Amino acid sequence: MNALTLLRRRLPVLTALSLLATIGASQAGTITVYTSLEEDEIKDYLAQAKKDIPDINVNVLRLSTGDLGPRILAEAKNPQNDVIWGWALTSMLDKRINALLEPYAAKGADALAAKDRDPGHKWFAATGYMAAFCVNTEALKNKNLPVPASWQDLTNPIYKGEIVMPNPVSSGTGYLQIAALLQSKGDRDGWTFLKSLDGNIAQYTKSGSRPCKAARTGEYAIGVSLAFAAMQSIEEGYPVKLVVPTDGAGYELEASGLMAGAKNKDDAKRFLDWTLSGTAAARYTHYKEIVTLPNAPQASVAKSAGLPADLSKLLYPVDFARSAQQRENILATWQKNIGR
């Protein structure tokens, strides 16, 4: 039995919209954290945090990337959270969100590369995720279909109805995928490509990990998802191959920051410090293909899935500021021309 399976058996299921008070003693300080990290990750990270900072109660609200932004903006005049933890950097760079953050130079942030932290100390990104195809090799074999190697391959009519992709409106993974494609191809050719790809898409899902889950069970042959979902599926024994598209894999960094309206700033700062600690980094490597902390080892699941340790040649150099600036226009255009 692997460690991930054991962890799931020991810890209760975390529902996507639940508030959990999971850490610490009854007399502890309490903070509220908003996040879009995956549920399995949250449980594992908080179990480690309980050991490292046991005097802090951490209440967590987990929402999808697309749902978390409206929540934060709706509460802008009276923020209900102290910390944003592991949220898409593209979303964090929204000027309305950025205005709600207070500069804080978390311990360890200065060790991050300049691209992984805000020069004004409003955010830092310890982890990230990248686009990848989750391919069910048995399903393709049964239908005598080749394994796709690129985004361009997915437009081949032979894959019509076999592909599931996340909806960019609700999913950060979905948005990073189309934003990177538009940046790499240019607006005109990019939208033409996305319209062509749409002809083969069976459905768009709310979650970025859902396409992989649909593919690994054979519901569909190909899930356009994130690398972690494929890595996890392979570890759990599904007939899945992780495919990094040869014509560019978009990626996203997961940023954290302190709310200016935090009710408990001292403990919120301690929690942010913890997210950059060595023990936190050790947990990240069980899940993340991208860990920006210095000297963090490659995740064993990433290695076994065939992902190289150096991802620099695989990742498209996303302009996150541009992605943030164009987000509303891109999503409006997608909804008008493709959304369903």
Side-chain angles (χ1 to χ4, degrees), residues 36 64-70 87-94 128-135 148-156 159-160 162-212 214-215 220 222-230 243-255 289-290 314-340:
S36 290
S64 68
T65 299
D67 291 338
L68 187 52
W87 191 36
L89 176 57
T90 299
S91 298
M92 191 82 99
L93 291 177
D94 184 311
Y129 51 92
M130 60 183 284
F133 306 156
C134 193
V135 178
S150 66
W151 287 103
Q152 189 61 46
D153 285 351
L154 295 187
T155 63
N156 189 323
Y159 296 117
K160 185 177 179 63
E162 296 292 344
I163 307 171
V164 189
M165 188 170 179
N167 186 320
V169 176
S170 61
S171 165
T173 303
Y175 181 70
L176 79 84
Q177 291 167 353
I178 68 167
L181 286 167
L182 290 171
Q183 286 186 20
S184 65
K185 296 177 180 296
D187 283 349
R188 185 180 67 178
D189 290 346
W191 284 114
T192 298
F193 174 82
L194 288 170
K195 190 66 177 176
S196 176
L197 177 62
D198 177 61
N200 282 350
I201 303 297
Q203 65 171 279
Y204 294 94
T205 67
K206 186 176 179 66
S207 161
S209 59
R210 173 59 188 162
C212 193
Y220 297 95
I222 302 165
V224 179
S225 190
L226 65 162
F228 166 68
V243 174
V244 178
T246 56
D247 44 0
Y251 77 105
E252 182 66 87
L253 293 175
E254 295 172 312
E289 60 273 30
I290 300 173
L314 301 179
L315 300 177
Y316 178 78
V318 176
D319 183 334
F320 293 109
R322 180 180 169 189
S323 291
Q325 183 180 30
Q326 296 180 342
R327 181 181 175 86
E328 289 190 7
N329 287 336
I330 288 175
L331 293 182
T333 302
W334 189 88
Q335 286 281 58
K336 179 181 178 181
N337 297 323
I338 297 175
R340 53 185 167 96

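Quick caveat: nothing in here was measured; it's all calculated off a predicted structure.
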Determine whether Ser91 and Leu68 make a side-chain contact, defined as any pair of heavy atoms from C-beta on separated by less than 4.5 Å. no

Give a yes or no answer on whether the side chain of Gln152 reaches the backbone of Asp247 with a donor-acceptor pair at less than 3.5 Å. no

In terms of heavy-atom contacts, Thr173 and Leu176 come closest through O-CG, 3.3 Å

Checking Ser225 side chain against Gly208 main chain: does a donor-acceptor pair fall under 3.5 Å? yes

Quick check: does any side chain N or O of Asn337 sit under 3.5 Å from a backbone N or O of Lys195, one acting as donor and the other as acceptor? no

Has the side chain of Tyr175 got a donor or acceptor atom that lies under 3.5 Å from a matching backbone atom of Gly66? no

Side-chain donor or acceptor of Ser196 paired with backbone N/O of Thr192 under 3.5 Å: no

Neighbour count >12 (heavy atoms, 6.0 Å) for atom CD, Gln325: no

Backbone N/O of Ala202 and side chain of Glu162: donor-acceptor pair under 3.5 Å: no

Student check: side-chain heavy atoms of Leu331 and Pro168 closer than 4.5 Å: yes

Residue pair Leu194 / Leu182, side-chain heavy-atom distance below 4.5 Å: yes

Ignoring hydrogens and angles, tell me if any N or O in the side chain of Glu252 forms a donor-acceptor pair with the backbone of Gly172 under 3.5 Å. no

Any donor and acceptor pair, going by atom type alone, linking the side chain of Asn200 with main-chain N or O of Asn156 inside 3.5 Å? yes

Has the side chain of Ser184 got a donor or acceptor atom that lies under 3.5 Å from a matching backbone atom of Leu181? yes

Do Thr65 and Ser171 come within less than 4.5 Å of each other through their side chains, counting heavy atoms only? no

Determine whether Val164 and Gln203 make a side-chain contact, defined as any pair of heavy atoms from C-beta on separated by less than 4.5 Å. yes

Keeping the roles fixed (side chain from Trp151, backbone from Gly248), state whether a donor-acceptor pair exists under 3.5 Å. yes

What pairs with Arg210 under salt bridge (Lys or Arg N to Asp or Glu O under 4.0 Å), at least two apart in sequence or on another chain? Glu219

